[in-house]
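Okay, so here's the structure we're looking at.
Order of the sequence lines sets the chain letters (A, B, ...), proteins ahead of strands, with each chain counted from 1.
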Amino acid sequence: MFVRARLAYGHTLVDEDLLMPAPRLRFCPAPSGSLHVGNARAALYNWLHARQTGGTFVLRIEDTDADRVSEESYQGVLDALTFLGLDWDEGPGRVEPHGPYRQSERTALYTAVADALLKAGHAYGAYETPEELAEQRRAAQEANLPPGYAGGHRDLTDAQRAAFRSEGRQPVIRLRTPDEGTVAFDDAVRGPVEFAWKDISDFVILRADGSATYFLANAIDDLAMGITLIARGEDLLSATPRQLLLYDLLTRDGLIDGALDGAAFPARPKGATQPERFAHLPLLVGADRKPLSKRHGSVAVDEFRRQGFLPEVLINFLALCGWSYDATTERFTVDELVEKFSFERVGKNPSFFDTDKLRALNGDRIKELSDTELAERLQPYLAGEGLIAQPPAPRHQRLLVGLAALLRERIQTLAEAAPLVAFCFRDEVAYDDKAVAKHLGAATAPEVLDAAEASLSALGEWTGEAILAALDAVAGSLGIGRGKAFQPVRVAVAGTAVSPPLPETLALLDRDLVLARIRAAKELGAR
RNA sequence: GGUCCCGUCGUCUAGUGGCCUAGGACGCCGCCCUCUCAAGGCGGUAACGCCGGUUCAAAUCCGGUCGGGACUACCA
C-alpha cells in the first residue's frame, strides 16, 4: 500500500529497496467441479493478505488437464468467488498484464520451457508406459522400497531412445532431481521445513501427449506472474521442493525470460525474482477426520449459497477454519478480517468443518439485519419457491418486510423462511393432516372458530394488538387458555401447527382472507 | 514401507513454565419466559492421548509410546 501510494503521487522517486515490495498472491483453482469450501478458504486467506498489505491478488485458472475441466465449472468458480466477494485484481474479466490467465492458453510457453530444460540437460525423456510404471511401483511396495520413480531412463543412449520410438512409444519428460543434499524453505504456518533430495524422485513435467503437469505449469506461471507468496493446502507441502528446483533452474540463466520472449508472452513484473514465502494451510476434514469431500454432504460454496448462507458469514466461518485471533473473538466483519488476519496465527491441525457452528453464525447474522435488508435477501429464496415474483409485487414486498421481523428469530438460513411463511403467499392452504386432526378436531375448536370469526370481523382496527386482544377475549369468554384458543385459528389460517406469532401474522394478511380461511376450517373440522 | 506433519471439552479453539482446581464459542442437558416454533435469560455437562524425564513449579520443555493425517500419479 505504501509503495502504491508513493508511486501514485508521482513525487520524487523513493528508493524502492527501502520499502517492502507489495506482495503478489494468487489463487489457482482447477475448474474440475464446483468451488470446494477448502479451496474457497485458500482463496480467502490469499485475498485477505493481499488486501491487508496492498498487494495484488491474482486469479489463474489451472486447466491443463483437459480431461477433467469444464467450461461450466470455470464459470461456477468465478461465480462462487464473486458471491463471496473475493475480487481479484488480475485474471479473467479483469486486467491481464501477465496473461493470459488460463493455463490452457499458455501451452506454447510450457513447451518452450520444457524444450529449454531438455536442451540444458536438466530433463530427459522417459519411455515407460503407465502400465510398466504401475508394475514397478507395485514391485517396489512389495520389496518395501520407496515407490517413487527409480530413474530407469535417466541416461538412455540415442540408440535406446530410437528403439523405444520405433515401438511407437511417446516419452514423458522428467526433471532430474538432485541425488543428495537437502532443500529447505520457510513456511509461514509451519516454520522451517526441510526435505532430503534423495527422497524426491525425478518427476514428470510434460505428459506423453505433450501437455504440462501441475509442477511445470504452476512453477512457470508463478515466476511469469511474479508471485511472491504462495498460500495453499497442506496437501501441496511435499510438492514445494520440486517447485523450488524448477524456480531455480528457470531463473538461473534467464531461462524463463528467454522462453517468455520466445513464446511471445508478456514479460515478468519488474524486479520479479521467485516466490520466497510459503504458507501451507491445514486441511479441512469431515466428522470422520477424513479430508472434506462429497460424502460429507455439502462441500461446495454454491450449495451453501443455495441453502441460504450469507456470504459474509461464510467468509467469517471460513476464516475461522484454521485461524483464530484470540481467546474469545469469533465474529468478524470482512474489514476486520482484512485488518486482523495473519498466517502466523493459522494453526497446524486439521480443521473440522462444523456445519452446526456455521448455522449458528448465520442465524446470529440474520438477527442483525434490518427488516428491509432481510426482506431483500429473502427475495431470491422465496422467488425460487414460486411464492413471489422478482421483483416482487408491491403488496408482496410490504408483506415480506412485515414478515421479516417475525422470521428473523426463527430462521438460521434464508432457505428456511419459505416453508414457514408460504401460507401467506399462496391462495390455497396446504393443510397438515396431523395438525388438522389435533387442533381443528379438538372439542372446543368449533366454538373457538365461531367466536374468532365473529370477533375478528367486528374488530375496529386490523392490528396485531387488536387481534391479540380479540383472541384473548375469545379465550376468556370460553374459559380456555391461549393455547386452546390460538391453535385452531393458526391451523385454519396457516394449515400447520407451527407458524410465526399468530396475531402479528394475521395483521399482515387481508382480513377477508383470514375470515374466509376460518370459515373453511370449520367445515374441515366438522368432517 | 518411506518422508513430513499433527494430538486441549463431542466440535472449533485460547494457551509459548507460575495469571489454569484450563478460558470462549457451537452442540448437548435443565430451569425460567411463552399462542405454536423460535428467540432470549439463568444454570449445568465436558478436555490437556499415554508413560517417563527436566524443574520449586509443565497443557506448556525433552525423550519415548500410542493414535490420526498428508505426500509417495503422465490429479492438482
Next item on the list: Take the protein atom CG of Asp221(A) and the nucleotide atom C1' of A76(B), then report the distance between them rounded to whole Å.
Entry: 14 Å

Next item on the list: Would you mind classifying the nucleic acid contact of Arg359(A) as base, sugar-phosphate or nothing, using non-hydrogen atoms under 4.0 angstrom?
Entry: nothing

Note to self: Under 4.0 Å, counting only non-hydrogen atoms across every strand here, what does Arg408(A) touch: a base, just sugar-phosphate, or nothing?
What the structure shows: nothing

Checklist line | Interatomic distance, Leu206(A) CG vs A76(B) P [rounded to whole Å] | finding: 12 Å

Check: Distance between the C1' atoms of U21(B) and A57(B), in whole angstroms?
Finding: 15 Å

Item checked: Gap in Å between the two P atoms, one belonging to G30(B) and one to U72(B), rounded -> 49 Å

Margin query: Counting the atoms with a prime plus P, OP1 and OP2 as sugar-phosphate, which does Val204(A) contact under 4.0 Å by heavy atoms, base, sugar-phosphate, or nothing?
Written below: sugar-phosphate

Note to self: Does Leu236(A) reach a base, just sugar-phosphate, or nothing at all? Heavy atoms under 4.0 Å.
What the structure shows: base

Check: Does C61(B) pair with anything, Watson-Crick or G-U wobble, both distances under 3.5 Å, and if so, with which nucleotide?
Finding: G53(B)

Notebook entry, point to check: Is it the case that Arg345(A) places NZ or CZ above or below the six-membered ring of Phe343(A), under 6.0 angstrom from the centre and within 45 degrees of the axis?
Noted result: no

Notebook entry, point to check: What distance do Asn218(A) atom CG and Asp222(A) atom CG have between them, rounded to the nearest 0.5 Å?
Noted result: 4.5 Å

Checklist line | Side-chain N,O (Arg345(A)) to OP1/OP2 (G15(B)) below 4.0 Å | finding: yes

Next item on the list: May I have the distance from Tyr214(A) (atom OH) to C75(B) (atom P), rounded to whole angstrom?
Entry: 14 Å

Margin query: For the C1' atoms, the ones on G10(B) and on G27(B), what distance do you get once it is rounded to whole angstrom?
Written below: 8 Å

Next item on the list: Taking only heavy atoms on the protein side, list every residue of residues 122-130 of chain A lying under 4.0 Å from any atom of RNA chain B, sorted numerically.
Entry: Glu128(A), Thr129(A), Pro130(A)

Note to self: What does the B/S/- profile of nucleotides 23-40 of chain B look like, 5' to 3', with a 4.0 Å heavy-atom cutoff to protein?
What the structure shows: BSBS-------SBBBBS-

Next item on the list: Map Ala196(A) and Phe215(A) onto RNA chain B by nearest heavy atom, then report which one ends up closer to the 5' terminus.
Entry: Ala196(A)

Next item on the list: Can you tell me the distance, in whole Å, between the CZ atom of Phe185(A) and the C1' atom of C5(B)?
Entry: 12 Å

Next item on the list: Can you see which heavy atom on Ala40(A) is nearest to which on Leu86(A), and at what distance?
Entry: O-CD1, 4.2 Å

Margin query: Can you check the distance between U13(B) and C56(B), where both ends of the measurement are the P atom (answer in whole Å)?
Written below: 35 Å

Item checked: Spacing of the P atoms in U3(B) and G64(B) (rounded, Å) -> 14 Å

Item checked: Asp179(A) and Arg154(A) ion-paired at < 4.0 Å -> yes

Next item on the list: Could you give the distance separating C66(B) and U54(B) at their C1' atoms, to the nearest angstrom?
Entry: 23 Å

Next item on the list: Specify the separation, in whole Å, of atom CD of Glu234(A) and atom P of C6(B).
Entry: 9 Å

Note to self: Does Ser211(A) reach a base, just sugar-phosphate, or nothing at all? Heavy atoms under 4.0 Å.
What the structure shows: nothing

Next item on the list: Rounded to whole angstrom, note down the P distance from G44(B) over to C51(B).
Entry: 30 Å

Check: Whole Å only: how far is the CG atom of Asp187(A) from the P atom of C6(B)?
Finding: 11 Å

Note to self: For Phe203(A) and Tyr149(A): C-alpha separation, side-chain torsions, deciding distance, then whether ring-ring contact (aromatic ring centres under 6.0 Å, His included) applies.
What the structure shows: CA-CA 8 Å; Phe203(A) 58 96; Tyr149(A) 183 69; over 10 Å; no

Check: Are side-chain N/O atoms of Tyr110(A) and Asp221(A) paired as donor and acceptor at under 3.5 Å?
Finding: yes

Check: Does A25(B) have a Watson-Crick or wobble partner in any strand here, with both distances under 3.5 angstrom, and which is it?
Finding: U11(B)

Notebook entry, point to check: For C19(B), what is the paired nucleotide under Watson-Crick or G-U wobble rules, both distances under 3.5 Å?
Noted result: none

Notebook entry, point to check: Who is the Watson-Crick or G-U wobble partner of G67(B), with both distances under 3.5 Å?
Noted result: C6(B)

Margin query: Regarding Arg174(A), tell me which of base, sugar-phosphate or nothing describes its non-hydrogen contacts under 4.0 Å with the strands shown.
Written below: sugar-phosphate

Next item on the list: Please tell me which of Asp199(A) and Gly347(A) maps to the more 5' nucleotide of RNA chain B, matching each residue to the nucleotide holding its nearest heavy atom.
Entry: Asp199(A)

Note to self: If I pick the C1' atom on C35(B) and the same atom on C29(B), what distance separates them, to the nearest angstrom?
What the structure shows: 26 Å

Check: Nearest-Å distance, CD (Glu135(A)) to C1' (A73(B))?
Finding: 16 Å

Item checked: Counterpart base for G1(B), defined by Watson-Crick or G-U wobble contacts under 3.5 Å -> U72(B)

Item checked: Of all pairs that satisfy ring-ring contact (aromatic ring centres under 6.0 Å, His included), the ones with a partner from residues 436-456 of chain A, not counting sequence neighbours -> none

Notebook entry, point to check: Can you tell me if the side-chain N/O atoms of Ser324(A) get under 4.0 Å from OP1 or OP2 in A14(B)?
Noted result: yes

Margin query: I'd like to know if Arg511(A) pairs up with Glu453(A) as an ion pair, taking the criterion as any Lys NZ or Arg NE/NH1/NH2 lying under 4.0 Å from an Asp or Glu carboxylate oxygen.
Written below: no

Next item on the list: Name the pairing partner of G30(B), where a pair is Watson-Crick or G-U wobble with both distances under 3.5 Å, or state none.
Entry: C42(B)

Next item on the list: Mind calculating the distance between NZ (Lys348(A)) and C1' (G15(B)) to the nearest angstrom?
Entry: 14 Å

Note to self: Quick test of your reading of the model: are Glu447(A) and Lys522(A) salt-bridged, counting only N-O distances below 4.0 Å?
What the structure shows: no

Next item on the list: Would you mind checking if Arg331(A) and Glu368(A) are paired as a salt bridge, meaning a charged N to carboxylate O distance below 4.0 Å?
Entry: yes

Note to self: When you measure from the side-chain N and O atoms of Ser351(A) to the phosphate of U13(B), is any distance below 4.0 Å, counting only OP1 and OP2?
What the structure shows: yes

Margin query: Between Thr413(A) and Asn362(A), is there a side-chain donor-acceptor contact under 3.5 Å, judged purely by atom types and distance?
Written below: no

Next item on the list: Would you tell me if any nitrogen or oxygen in the side chain of Asn349(A) comes within less than 4.0 Å of OP1 or OP2 on U8(B)?
Entry: yes

Item checked: Stacked cation flag Arg26(A) on Phe57(A), 6.0 angstrom / 45 deg -> no

